[in-house]
Amino acid sequence: MTDQAPLDAATDHEQYGTATDHEHYEAVVVGAGPGGAAAAATLARNGVETLVLERGTEAGSKNVSGGLIYAEESAPYTIDELFPGFREHATERPVTDYYIHNVAGDTVKTFDITDLHEHDTEWCDAVLRRPMDSWLEDRVHEMTRETGGGVLTGVRVNGLLRENGRIVGVTCDELDPITADLIVAADGVNSELARDAGLMDWEEPDEWFQGVKAVVDMEPDAIDERFDIGPDEGAAHLFSGDLFEDVRGGGFLYTNEESLSIGTVFHLDSLAAEEAEPHELLDSLLTHPLLGQWLGDEYHEREYSAKLVPDSKKVASTSPHRDRLVLVGDAGGQMQAQGPIIKGMNHAVTAGALAAEAFVEARSRGDPHSAGERYEKRLQDEGVMKKLRPPRYRAVSALGEQDAVADLTDRVLESSVGRAAVRALGGNLERLYSSPYLVSMIPDTKTPYVTLPTVIAEELGEPVETRNDVEPPDLADRIGELTYDTDVGNPHIELLDNSYEASGTAVTACPVSAADFGGGCYRDEEVKTNGSTERLVSLDTQPCVECGTCAVVADTDWEHPRGGKGVEFREG
């Protein structure tokens, strides 16, 4: 970081600002999640007048993660360096044990992959976004207020302000337009700023993952006993195989202080193609006999939530900036999810801090609007882009993801020859699963998520004897437990084509909708008109969890609800 003294804001505005009389800040950060908080903290520490605009009533009320946050040894920034006391006050448990379970029916083969988890890892903690982000918000407000800025919540930034075709600020639902020398879009996976700038063109389902999560009550003593860990330890468990039939993806379970985070993450194109119901896939995990040893006799779900995740291997922007705008975190596609590696928040923190650092350096050189180019260079120089877009994956996927090759690989694995090879590898498979080198080249096919884990379990696994009597809530109860501030008369989704052909996938892929379920966000019905029958899709946005799935799989016009409106997550 540079220790250059800040320039006078008024002078900076005169030199680089606009001719209008809009309210002006040196920097505006949109979104107070980890990426936005890291950017704002770094800017404030360098004396940059910084305003943070957050859409939720409180930071974290709109956010969901799995969630583990990592501090990587190779990263130039970690969140506890930016926010002293972070681990003590804002996280749940450190993850000390890491396992992957290969499942075939009730037969399971488990590998300890803690070595993979600890590769390049300084520490890793389980987190819940509402308490974590709200703690960060308080720290960021204290820091940015010293610069003449601060944090404003309940404000939805709905677009970019342009003058003479150049991006110079933001427009909001609740405030007049604001200009800035730096605009940090940390507004998440459905970033309206990135789309407005033409920097987010991820339109295909194979560029996304969808995550669905339940936060489940559990006393700390029960967590310690059932997971065989101490009070200051935590466990992470991953699940793959035929548990989810042919849908590509897997499940996870993380231990929090007084709860468990249990969820699933699937390739969205696979979810859509299989017409799989997200809540039913989650229930397949919750009710598997393997989870009986941890869940016990009493099951209480605190919260059901969902989120889209960009596939950084395919969409992470190599040039995430335009004019005064820079993208960090999910808005820039900076979410790394490959096999058992799921990292996003740490990359958002690094990107946010690098973007701020780039601005401070650019400003010290009298050219603040070169910050975007400097930010892009730092992402490359610090090795962030290599993590987000692994070169080995690109090399392997070019051949391995061709349908003919993938089908042949699956057939070989399922043959007597393939099964013999799996038995011969035996204990060495655990070492292979723990190899960062191999993990970085896993192709996005059924092989690593379904076929191989199933064969491993069938050839090497043991039947699970534990009973699991858990009865998860049905979808109506899950929706009913969520908190909404409905925006009557201002729906944030418009169904542009209500034919089943154009928008029917939303009925099954939406986490709060389902076929033959009448109370969700999307539903289909047969309508008879003039002697003909049409299958049409209808929409009710009230139960929307704002994941954005329907914006990808259906013909809709989707935007965020106005500031503070819509769903409010208590856990996240």
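These figures come from a predicted structure and were not determined experimentally.
- Nearest heavy atom pair, residue Tyr375 against residue Leu354, reads CD1-C, 4.0 Å.
- Environment of CD in Glu462: sparse, with no more than 12 heavy atoms of neighbouring residues, nucleotides or ligands closer than 6.0 Å.
- In the model, Asn102 has no side-chain atom that pairs as donor or acceptor with a side-chain atom of Thr454 under 3.5 Å.
- Between the side chains of Asp217 and Ser259, no donor N or O sits under 3.5 Å from an acceptor N or O.
- No side-chain N or O of Trp208 forms a donor-acceptor pair with one of Asp269 less than 3.5 Å apart.
- In Glu225, the CD atom is not crowded: 12 or fewer heavy atoms of neighbouring residues, nucleotides or ligands sit closer than 6.0 Å.
- Residues Arg248 and Asp444 are not paired through a salt bridge, judged by the lack of any N-O separation under 4.0 Å between the basic side chain and the carboxylate.
- Ser74 places no side-chain N or O within 3.5 Å of a backbone atom of Glu72 that could act as its donor or acceptor partner.
- A donor atom on one side chain and an acceptor atom on the other are not found under 3.5 Å apart for His117 and Tyr99.
- The minimum heavy-atom distance linking Glu92 with Val127 is given by the pair CG-CA, 3.9 Å.
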Going by atom type alone, with no hydrogens or angles, which donor-acceptor pairs under 3.5 Å involve a side-chain atom of residues 136-143 and a protein atom two or more places apart or on another chain?
residue, atom, partner, partner atom, Å
Glu137, OE1, Ala59, N, 2.7
Arg139, NH1, Trp135, O, 3.4
His141, ND1, Val151, N, 3.0

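- Looking only at atom types and distance, the side chain of Gln293 has no donor-acceptor partner in the side chain of Thr466 under 3.5 Å away.
- A salt bridge links Asp283 to Arg478: at least one charged side-chain nitrogen sits closer than 4.0 Å to a carboxylate oxygen.
- For Arg302 against Glu258, the heavy-atom pair with the smallest separation is NH2-O, 2.9 Å.
- Thr483 and Arg570 are linked by a side-chain donor-acceptor pair at a separation below 3.5 angstrom, with hydrogens and angles left out of the test.
- Classification of the Tyr449-His267 ring pair by plane angle, with boundaries at 30° and 60°, yields perpendicular.
- Nearest heavy atoms, Thr57 versus Thr153: O-OG1, 3.5 Å.
- Contact check on Asp485 versus Lys565 returns a salt bridge, with a Lys/Arg side-chain nitrogen under 4.0 Å from an Asp/Glu carboxylate oxygen.
- For the residue pair His347 / Gln336, a side-chain donor-acceptor distance below 3.5 Å is found, with atom types taken as modelled.
- With Asp474 contributing its side chain and Asp477 its backbone, the two residues share a donor-acceptor pair below 3.5 Å.
- A salt bridge between Arg431 and Asp115 is absent, with no side-chain N of the basic residue lying under 4.0 Å from a carboxylate O of the acidic one.
- Here the side chain of Thr78 pairs no donor or acceptor atom with the backbone of Ala71 at under 3.5 angstrom.
- Under the 4.0 Å criterion applied to side-chain N and carboxylate O atoms, Glu58 and Arg130 are assigned as salt-bridge partners.
- The heavy-atom pair separating Tyr484 from Cys544 by the smallest distance is CE2-O, 3.4 Å.
- Here the side chain of Arg156 pairs no donor or acceptor atom with the backbone of Gly563 at under 3.5 angstrom.
- A salt bridge does not link Asp133 to Lys62: none of the charged side-chain nitrogens sits closer than 4.0 Å to a carboxylate oxygen.
- Not a single donor-acceptor pair under 3.5 Å links the side chain of Arg129 to the backbone N or O of Asn63.
- The neighbour count for Asn428 CG, taken as heavy atoms of other residues, nucleotides or ligands under 6.0 Å away, is above 12.
- At a cut-off of 3.5 Å, with distance as the only test, a side-chain donor of Ser191 or Asp187 sits close to an acceptor on the other residue.
- A donor-acceptor contact shorter than 3.5 Å links the side chain of Ser440 to the backbone of Tyr437.
- In this structure, Glu73 places its CD atom where more than 12 heavy-atom neighbours from other residues, nucleotides or ligands lie under 6.0 Å away.
- Between His101 and His237, the ring planes lie parallel to each other; the angle is under 30°, not in the 30° to 60° tilted range.
- Heavy atoms only, all atoms of each residue included: Val247 and Val450 are closest at O-CG2, 3.8 Å.
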